[in-house]
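Heads up, the thing below is written out as structure tokens.
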Amino acid sequence: MNQKYLPLIATIVIFVVSYALCALQYPNILSTRVIGNLLTDNAFLGIAAVGMTFVILSGGIDLSIGSVIAFAGIFLAVMLENTAIHPLAAFVLVLLITTLFGAVMGAIIHYLEMPAFIVTLAGMFLARGMAFVLSIDSIPIKHPFYATLKSFYYKLPGGGRITLIGGLMLVVFAVGILIAQRTRFGTNVYALGGGGQTSALMGVPVGRTTVMIYGLSGFLAGLSGIVYSLYTSAGYSLATVGVELDAIAAVVIGGTLLTGGAGFIGGTLVGVLIQGLIQTYITFDGSLSSWWTKILIGALLFAFILMQKAILFLSHRRGNYA
Amino acid sequence: MKHTSDDILVASGIVKTFPGAIALDHVDFSLRRGEVHALLGENGAGKSTLIKCMTGAYRRDAGTLTLSGSEIDPRDTLDAQALGIGTVYQEVNLLGNLSVAENLFLGRQPRRFGLLRTGEMKKRAEALLSQYGIDINVSAALESYSVAIQQVVAIARAVDLSGKVLVLDEPTASLDAQEVEMLFRIVRDLKSKGLGIVFITHFLEQVYDLSDRITVLRNGQLVGTRDTRSLPRRDLVTMMLGHELQSAEKAVGADIIDSGPVRYRFSNYGKAGRVKPFDLEIRKGEVVGVAGLLGSGRTETAELLFGVHRADSGTAEIDGKPVDLSSPRAAVAEGFGFCPEDRKLDGIIGELSVRENIALALQARRGWARPLSTAEQNELADRYIKALDIRTSDREKPIRLLSGGNQQKAILARWLATNPSFLILDEPTRGIDVGAHAEIIRLIEDLCRQGMSLLVISSELEELVAYSSRIIVLRDRAHVAELTGSEITTGHIVNAIAAANAAGGMQ
């Protein structure tokens, strides 16, 4: 069997097994309502995690997305409260700003040869600071268009609903998979993760690809911010602190190598769903502290990093004897 | 005589200088359509600089490059590739995490409506590789295949992209005999299709097996281009080592010590893949020279003796008692010292002062718990700076500011400070000026008079002849001859290096 699917399969097995274990204890967890909520509640995280997957596949990291999501949310709230601009126009504006923000970070990373960690850390502070400049309060969004958007859903048998934002996340994942697997840009992302120097020697446009990767991550963080504002009907500068770390966790648990070059967008969806499942279980239980989510995610992350190391080790040994 | 229109790539008067050194001095090189042209020379001869000038990795300072009759000036390797010159390196320069097909078609994948046609790409990759007689799953990651297969994929990509000239830079260095055969079959096939192929290797057998013509470089200068068939092996070795066989001979009487007791005995000592098992005896106060071409296993022998790599067969004895030499630390504990070949890489620590560099090995042997006091270090450094005549303004000068010869002497001082009983010197006189050269040789002679045993590796045959009491000759990673007494002449060494294997044979 192809070795590169091993981490992905491990993730899927863990998800299915833990879902089954939860279902044994709480059969209701199988209802389509729970599944619908799982998608809706994690939509913003999932969308941002798609961007993070591209970044990590290329061997980089983007620490700015949590702040960018909060910035997008507060920007929308302030715009809709203070101007007569239509929400759709505000959405376009937000996406333009966040995409440009990501692209500039990508350009700095490539052309100034700075580590992605530092550049996006600066981006994280900058975006959070800009959010506070816009407003320090939580601003509700009462525009009727928001209500219209929230009224769209697809009804599943059994009473569950795929909401607009839940469905949007699935679409983003589908498009992400298509871009990663079936475009030259996607292959170039994997190539960068395999080795920047070698990629350049083989003719990969390293600069353009890096700018596009961080631009894409910024775009998806902006989209995630729109989704989050729809989800909460508000904008708040202190929202989504640490979401970038949740996204990184989802990517790694989804089987993507933290050093880049190997992994799948689809795995990230499973990674997001595993986090959501743990949260759902804790809600069902009622007596557990919600911090158990963090503890379990921490343990899972650790297990996955160990597994990746083991797979690398084994494949190298096999390579020596091949 | 072949017509000049057969020439596909012509380089004439190529000059390349680096700060402080002329790497290429008006070198001419021509490659014909449908020939394999071996480019040979020892380390620092300028082979790789010439290749890099032709493939755009370096910009040449002077000279012209002509490809298929028109002058070219490649800006970088991609540009050279687009013009028709492809290169395959010893270290495969592909992406191991991508599939074989993706590696072959990266940047030019077939598309429809902006989306990759993965099925079509797979089909094309299989068709391309089948021309090379290879049938593998092209969807699997490249790194899941052996180096030989990766090498073929690299060749297939280079030929598919460029298609006029293929440069193979030591492609066989990490392959076994069967894989080399497969690679040669492919190269011969490409040759028959009219490609010009430049082949760089250290293995003389392979040169005679594969090449049509040979160009030899030495010290950045062209020694000559010959037809392989009319160039006897002995003459080739002479061209490479650059000695017109003035037959330096041993001054009689220097080998009286020969009768002394054997101090170090290595029996059947070897390591698979590095150097074949050998027997070696070294007496007290003796200089044993090691001769051979680059890549013949000289440095590998030294590293094995010093424990840099652990021997997987044989035994080592000192004064008849078996010893463990499984790490450099163990070797140092037994009184061994080793001055490596590449002092920039393995020897000096450029930012540290001359004093610190000299004190390093002695300090390491004492252990960090018992540091040398500054006064002791100063005394040590001053003593050796004086004894070896290291030219430095003061002992606190960073060692990288010293000339090559003085750096070499400082490394020598480092090991002498540990008072070793057995010292291995790998190319002690490389890259240093003539004056320092003579001093180092004088030093070697002094040391053995004091009872130290030395193993000296050198490409300078006269030098070896002058101070060795015995000479070990290496070829293709095996010890093939041992010369003693009156046998020690440059002529005998060259003969021993050039002698063809009974099995290999000249073709």
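Within every chain, numbering begins at 1; the chains are lettered A, B, ... in the order of the sequence lines, protein sequences first and strands thereafter. This structure is a prediction, so every number in the text was calculated from the model and none was measured. Basis for what follows: all heavy atoms, side chains included, without hydrogens, waters or symmetry-related copies.
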(request) Please look at B:T77 and chain A and tell me whether the side chain, the backbone, both or neither of the residue comes under 4.5 angstrom of a heavy atom of that chain. (result) side chain
(request) Using non-hydrogen atoms and a 4.5 Å limit, figure out which bit of B:L94 sits close to chain A: side chain, backbone, both or neither. (result) both
(request) Measure distances from B:L78 to the heavy atoms of chain A and classify the residue's part below 4.5 Å as side chain, backbone, both or neither. (result) side chain
(request) Drop me the distance from B:Q81's CD to A:M202's CE, to the nearest 0.5 angstrom. (result) 8.5 Å
(message) Please classify the contact of B:Q109 with chain A as side chain, backbone, both or neither, using a heavy-atom distance under 4.5 Å.
(response) both
(request) Pick one of side chain, backbone, both or neither for B:L95, based on which atoms fall under 4.5 Å of a heavy atom in chain A. (result) both
(request) Would you check if the side chain of A:R182 reaches a backbone N or O of B:L116 as a donor-acceptor pair within less than 3.5 Å? (result) yes
(request) Determine whether A:N188 and B:L106 make a side-chain contact, defined as any pair of heavy atoms from C-beta on separated by less than 4.5 Å. (result) yes
(message) Can you list everything that forms a ring-ring contact (aromatic ring centres under 6.0 Å, His included) with A:F219? Sequence neighbours excluded, please.
(response) none
(request) Check whether B:N103 gets within reach of chain A through its side chain, its backbone, both or neither, counting any heavy atom under 4.5 Å. (result) both
(message) Which one wins on heavy-atom pair count under 4.5 Å against chain B: A:L178, A:T183, A:V204?
(response) A:T183
(message) Could you report the tightest heavy-atom contact between A:Y190 and B:L98, atom names first, then the distance?
(response) CB-CD2, 3.4 Å
